[in-house]
Amino acid sequence: MMQRQEEAQEEDLFDRFKEILTINPALIGSLTSIAFIIICWVIRDSLKVKDVCEKHVFITGCDTGFGNLLAQRLYRKGFIVIAACLTEKGSQELKACTSSSLRTVILNVTNPRSIDNAVAYVATETGNKGGLFGLVNNAGRAIPIGPTDWMDIEDFHRVLDVNLIGLIEVTLKFLPLIKKARGRIVNVASVMGRLAFGGGGYCLSKCGVESFSDSLRRDMQYFGVKVSIIEPGFFKTGVTSLEIIEKDLNRLWNRLTPEVKHLYGEKYFEKYLKVQRLSMNTFCDSDISKVTNCMEHALTARYPRTRYGAGWDAKFFWLPLSYAPAILADVMLKLILPRPLGYKRVLSKNQVDV
Ligand SMILES: NC(=O)c1ccc[n+]([C@@H]2O[C@H](COP(=O)([O-])OP(=O)(O)OC[C@H]3O[C@@H](n4cnc5c(N)ncnc54)[C@H](OP(=O)(O)O)[C@@H]3O)[C@@H](O)[C@H]2O)c1
């Protein structure tokens, strides 16, 4: 009895499946095409370049964070890594945890002479071995970051000179060596280059990196040079160090005029610090390999992607929010960030009854 019932159910299911196939050939065709495209994309995405042991990669900002980990990982993979550090201390520490044979140079991306020296070193290193295969523009800084009217023009320069102008100058000076190798450029932007919040030069600089990289990719495609953009969410590194951010916020707050302080209200600063602490502790991921995996893919895949969103917060919150209507992003950010407490006082003082 039970067996017959089961057989009847199976037949029923089979009939329904046949019905779907005959009634909806378009649906089946579409699903099969989508599955086929996905499989082709996955296979294409997993193809790798050959002979990494003969390839030179130059990475900026290797003292700490993403650059430091990437240099170690590429070195272990067999690439000829030239790690650029801002300080001698950073260079020695990196050598200590890899090998004294790891090539390092001291590079300050805001100093044209320092960039020239690095280019000359890489030109000698690569010699007639086919140029520079990879350039990773990773060096960056975040502070000063805070409300826009707390900044002066120097604060903007401090960030833009490193994250954008420095990156552009390094790229332009290395381009002949990269073209020679038909190599690739990996530029580190940020989700904050897609969705601007928090005044200062950081969002501007990262938005500029996005835009510069897009133009560069389109211009360089004819020379076989590939350009990828990394868009990390929030990760625990030097640029998100609460201690450094809070110290700088104190500097900005303390130099404000009494009028501006009054406009924000004394309690605002405390709230702002609290929100910074809460959001950094909630959002910052300590697994920075999520970012270096993207950088590695951009350097080792035969077909590197144009953009890499790195981290869960980037993929599922910041990047989707950047596509949403501005009103939605404004409301979400208004919920997260504190409001100036003195603004109501000023509004009511200036109110004119009509
Ligand atoms: N961490 C995040 O959540 C996050 C998110 C999105 C994007 N990013 C970007 O990722 C990149 C790497 O940052 P990170 O998170 O790994 O932080 P990090 O540990 O502070 O690394 C930044 C590196 O850049 C170096 N640097 C600073 N100014 C420089 C200059 N003028 N010339 C050359 N090097 C300089 C720093 O050297 P010192 O350590 O000696 O100062 C440091 O080694 C940056 O472009 C950053 O904007 C980070």
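Ligands are counted one by one from 1 in listed order, and the atoms in each one are counted from 1 as well.
Within the 4.0 Å heavy-atom shell around ligand 1 one finds Thr240. Residue contacts with ligand 1 leave out Ser241, since none of its heavy atoms falls under 4.0 Å from the ligand. Contact annotation: Lys206 has at least one heavy atom less than 4.0 Å from an atom of ligand 1.
Between Trp253 and Tyr272, the distance separating the two ring centers is not shorter than 6.0 angstrom. A centroid separation of 6.0 Å or more is found between the aromatic rings of Trp312 and Phe283. A centroid separation of less than 6.0 Å is found between the aromatic rings of His297 and Tyr308.
With a heavy-atom cut-off of 4.0 Å, Ala189 touches ligand 1 through its backbone alone. Residue Leu107 touches ligand 1 through its backbone alone, judged by heavy-atom distances below 4.0 Å.
For atom 36 (C) of ligand 1, no protein heavy-atom neighbour is present inside the 4.0 Å cut-off.
Closest to atom 32 (N) of ligand 1 among all protein heavy atoms lies Val109 N, 3.0 Å. Nearest to atom 29 (C) of ligand 1 among the protein's heavy atoms is Leu86 CD2, 3.8 Å. When hydrogens are left out, the protein atom nearest atom 5 (C) of ligand 1 is Gly233 O, 3.0 Å; that is the closest non-hydrogen contact.
Among the atoms of Val162, none of the N or O lies under 3.5 angstrom from an N or O of ligand 1. Among the atoms of Phe66, some N or O lies under 3.5 angstrom from an N or O of ligand 1. Between Tyr202 and ligand 1, an N or O atom pair is found at a separation short of 3.5 Å. Any N or O atom pair closer than 3.5 Å counts here, and Phe235 shares at least one such pair with ligand 1. Residue Arg141 has no N or O atom closer than 3.5 Å to an N or O atom of ligand 1. Looking at Thr237 next to ligand 1, an N or O pair under 3.5 Å apart turns up. Not a single N or O atom of Thr110, backbone or side chain, sits closer than 3.5 Å to an N or O atom of ligand 1.
The nearest pair of heavy atoms linking Cys62 to Ala71 is SG-CB, 4.2 Å. Shortest non-hydrogen contact noted between Thr292 and Arg73 is OG1-NH1, 3.6 Å. Across Leu263 and Pro340, no two heavy atoms sit closer than the pair O-CB, 3.9 Å.
Ligand-side atoms of ligand 1 in range of Val188: 9 (C), 10 (O), 11 (C), range being under 4.0 angstrom from any heavy atom. Counting atoms of ligand 1 from 1 in the listed order, those under 4.0 Å from a heavy atom of Asn108 are 30 (C), 31 (N), 32 (N). Close contacts of ligand 1 with Phe234, meaning ligand atoms under 4.0 Å from a residue heavy atom, involve 3 (O). The distance from ligand 1 to the heavy atoms of Asn138 drops below 4.0 Å at these ligand atoms: 11 (C), 12 (C), 44 (C), 45 (O). Within the listing of ligand 1, atoms 37 (O), 40 (O), 43 (O) sit less than 4.0 angstrom from a heavy atom of Asp63. The Gly65 neighbourhood of ligand 1 comprises atoms 16 (O), 19 (O), with distances under 4.0 Å to a heavy atom of that residue. Close approach to Ala139 involves these atoms of ligand 1, each under 4.0 Å from a residue heavy atom: 24 (O), 33 (C), 34 (N), 35 (C), 45 (O). Within ligand 1, the atoms closer than 4.0 Å to a non-hydrogen atom of Pro232 are 5 (C), 6 (C), 7 (C), numbered from 1 in the order shown.
Under the 30°/60° scheme for interplanar angles, the aromatic rings of Phe269 and Trp150 are found to be tilted.
Ionic pairing of Lys236 and Asp285 is not present here: no N-O contact between side-chain nitrogen and carboxylate oxygen is shorter than 4.0 angstrom. Between Arg113 and Asp116, no side-chain nitrogen of the basic residue sits less than 4.0 Å from a carboxylate oxygen of the acidic one, so the salt-bridge criterion is not met. Checked for salt-bridge contact, Asp51 and Lys55 miss the test: no charged N lies under 4.0 Å from a carboxylate O. Of the charged side-chain nitrogens involved, at least one lies within less than 4.0 Å of a carboxylate oxygen, so that Asp155 and Arg251 count as a salt-bridged pair. Residues Glu93 and Lys89 are paired through a salt bridge, judged by an N-O separation under 4.0 Å between the basic side chain and the carboxylate.
Residues Thr110 and Asp161 have side chains that never bring a donor and an acceptor to within less than 3.5 angstrom of each other. Under the 3.5 Å distance criterion, with hydrogens and angles disregarded, a donor-acceptor pair is assigned to the side chains of Ser213 and Asn187.
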- Task: Evaluate side-chain hydrogen bond (donor to acceptor under 3.5 Å, both in side chains) for Arg339 paired with Tyr268, printing each intermediate quantity in order.
- Result: CA-CA 7 Å; Arg339 295 171 193 205; Tyr268 177 84; over 6 Å; no
- May I have the step-by-step check of salt bridge (charged side-chain N to carboxylate O under 4.0 Å, His left out) for Arg158 and Asp152, ending in yes or no? CA-CA 10 Å; Arg158 268 185 214 126; Asp152 60 26; 5.5 Å; no
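Evaluated by nearest non-hydrogen atom to atom 13 (O) of ligand 1, the leading choice among Asn187, Val209, Val136, Val239 is Val239. Scanning Ser190, Gly61, Ala142 for the heavy atom closest to atom 6 (C) of ligand 1 points to Ser190. Between atom 22 (C) of ligand 1 and the options Cys85, Gly140, Gly67, the minimum heavy-atom separation is to Gly140. The nearest non-hydrogen atom to atom 42 (C) of ligand 1, considering only Thr87, Thr64, Val291, comes from Thr64.
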